[in-house]
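A note on names: the letters A, B, ... follow the listed sequences, proteins ahead of strands, and every chain is numbered from 1.
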2 protein chains.
Amino acid sequence: MSSSTAQGARARARMEVTAAIKDEARRQLAAEGAAKLSLRAVARELGMVSSALYRYFPSRDDLLTALIIDAYNAIGESAEAAREKAAADGPVQRWTAVAQAVRDWALRHPHEYALIYGSPVPGYTAPATTVPPASRVGLVFIGIVRDAHHGSALTEPPPLPADLRPEAERMAADLAPDLPPAAVAALIAAWGELFGLVGFELFGQFNRVVEDRETFFRHAVARLAQGVGLVDGPVEGRR
Amino acid sequence: MSSSTAQGARARARMEVTAAIKDEARRQLAAEGAAKLSLRAVARELGMVSSALYRYFPSRDDLLTALIIDAYNAIGESAEAAREKAAADGPVQRWTAVAQAVRDWALRHPHEYALIYGSPVPGYTAPATTVPPASRVGLVFIGIVRDAHHGSALTEPPPLPADLRPEAERMAADLAPDLPPAAVAALIAAWGELFGLVGFELFGQFNRVVEDRETFFRHAVARLAQGVGLVDGPVEGRR
DNA sequence: CCAATTCGAGAGCACTGCTCTTGCTTTGGA
DNA sequence: TCCAAAGCAAGAGCAGTGCTCTCGAATTGG
């Protein structure tokens, strides 16, 4: 009788309550961390009894999974927004802009970042529904390299070592068939390395080591970009 | 009346019980992860009542802190052993050997690795006693770069960007005054990036992306070593 | 209009970290 | 040598957790 957005008051209310639960859970997550997120406390704060909450999330882990997906989408959107904003800049600037967006989001939502990039409980395999949201940030970086490649702003990668070649070609075929396998391999490494920098800062490993983290991070990720083959402007070019 | 190793049967027994508690806790940690480590389960397994355990560790967090220190020492020893074993090799080989030791230890003790390099609960400041053990791996890498530098096997780093210079000089003064500031900055970045690679593999981020992780990791860390300025043998040299 | 489904509330289970009190054992000084 | 002091294990108990089950009430769709 109505559109998909308001099909019955029942389903409507269900969506609202579900959202309210997630909001309150996210509040507690941001305030105290995932370890202290309590279903009962969420229910209490919402004025409902704890057992009622199980009508919406069958277990605490399911609630956490929902928050994980939301967090992946949030950091992904943040990265995509940074890409749009830097659309007119050179490849290295776009790369560092996205990297800084990732770092900023992480610093602003440390517990949520820890939830998705911290220790997702080794042994726990994330449900398949988390895969697409989790890929968004990576896809942004792939897109930047792809644009650079087609704009002739990607340096010729050094020849692949023989033993890395099969894996690099496989990864390229899976992720970006139009890019040189060596660039794809370098890109994936830089992707992981970037999050290593963010994690080390966030989790205190840089505590008595790096002071001016902003500057340090900016140059480190710029070097990562160069390692992937990005340069500012066409390869033999201006600037 | 006796040496420091056996001063009274009382203190002796205390050490043994303390060690037994840590051993059992480590067992549970390895089996189920930090979240499911239960003081009561540890006590139960040891045939004692839970309240007795509080004579040895005033809280669950204190037990975890003890395990954290042990884990830092274990991965540090692993790295140091790899350095000794590769003492005769070139700088890049030594670097990758240590890096592979770190990765191997992480893969063999995933939950302990997650405990120290995963999400140490943002906001939780580690007690000062954890700092020296936590530094051991980093010191190994610094030592490798230092040896290379004094053996003239460190390439001249590119000039420091103006805005990074103060921070790089400060870091060099703190950590390795005999090394070029640019090399120190690159080293610290590579240090964080290395653990990013390990974490991404361990925590599943590479799951449908990287298949031949061994090979991929070896080349990635070799590139990191080159980024720091390490080369095999003297700079204008053999091989 | 009524059977079927959905929902909130409450009681209850097994578990957790942690505290406090009660006795027993070991210790070290008079 | 004796004895107060300290260290220790045990048990009961508190407040909190995730989760299950049952029971009425509300809402739904045929």
Once you round it to whole Å, what is the distance between P of D:dT27 and CZ of A:Arg14?
16 Å

Between B:Ala41 and A:Met48, just flag the one whose closest nucleotide in DNA chain C comes earlier from the 5' side.
A:Met48

Please tell me which of the listed nucleotides, D:dC19, D:dG16, C:dC18, lies nearest to the side chain of A:Ser59?
D:dC19

In whole angstroms, the gap separating C1' of C:dT19 from CG of B:Leu39 amounts to 14 Å

Distance check needed: C:dG17 P versus B:Lys36 NZ, whole Å only.
14 Å

Reference residue A:Tyr117; test ring-ring contact (aromatic ring centres under 6.0 Å, His included); the match among A:Tyr72, A:Phe203, A:Trp191, A:Phe200
A:Tyr72

Sugar-phosphate only, base, or nothing, as touched by B:Arg40 at under 4.0 Å among non-hydrogen atoms
base

Choose from D:dA10, D:dT17, D:dC8 the nucleotide whose nearest atom is closest to any side-chain atom of B:Ser51.
D:dA10

Please state whether the phosphate of C:dC15, meaning OP1 or OP2, lies under 4.0 angstrom from any side-chain nitrogen or oxygen of B:Ser38.
no

What nucleotide among C:dC18, D:dC23, D:dA9 has an atom nearest to a side-chain atom of A:Arg55?
D:dC23

Touch class at under 4.0 angstrom, heavy-atom based, for B:Leu37 against every strand present:
sugar-phosphate

What's the closest nucleotide to the A:Val49 side chain, out of C:dA9, C:dG17, D:dA10?
C:dA9

Does a donor on one side chain and an acceptor on the other come within less than 3.5 Å for A:Asp62 and A:Thr65?
no

Determine, stepwise, if the pair B:Glu167 / A:Arg213 fulfils salt bridge (charged side-chain N to carboxylate O under 4.0 Å, His left out).
CA-CA 9 Å; B:Glu167 177 67 5; A:Arg213 281 131 190 209; over 6 Å; no

Value in whole Å for how far the P atom of D:dG16 lies from CD of A:Glu32
14 Å

Looking only at side-chain N and O atoms, does A:Glu214 offer a donor or acceptor that is under 3.5 Å from a partner on A:Gln100?
yes

Nearest-nucleotide pick for A:Arg44, side chain only, options being D:dC19, C:dG17, D:dT17:
D:dT17

Please state how far atom CD in A:Glu45 lies from atom C1' in D:dG16, giving the value in whole angstrom units.
16 Å

So what does A:Tyr56 hit on the nucleic acid, given a heavy-atom distance under 4.0 Å: a base, only sugar-phosphate, or nothing?
sugar-phosphate

Just the rounded figure in Å: distance from C1' of C:dC13 to OH of A:Tyr54.
13 Å

In whole Å, what is the span from the CZ atom of B:Arg12 to the C1' atom of D:dG7?
18 Å

Roughly how many Å is it from CZ in B:Phe57 to P in C:dG17, rounded to a whole number?
14 Å

CD1/A:Ile116 to CZ/A:Phe195 distance, rounded to the nearest 0.5 angstrom?
7.5 Å

Along DNA chain D (nearest heavy atom to each residue), the more 5'-positioned of B:Val17 and A:Arg60
B:Val17

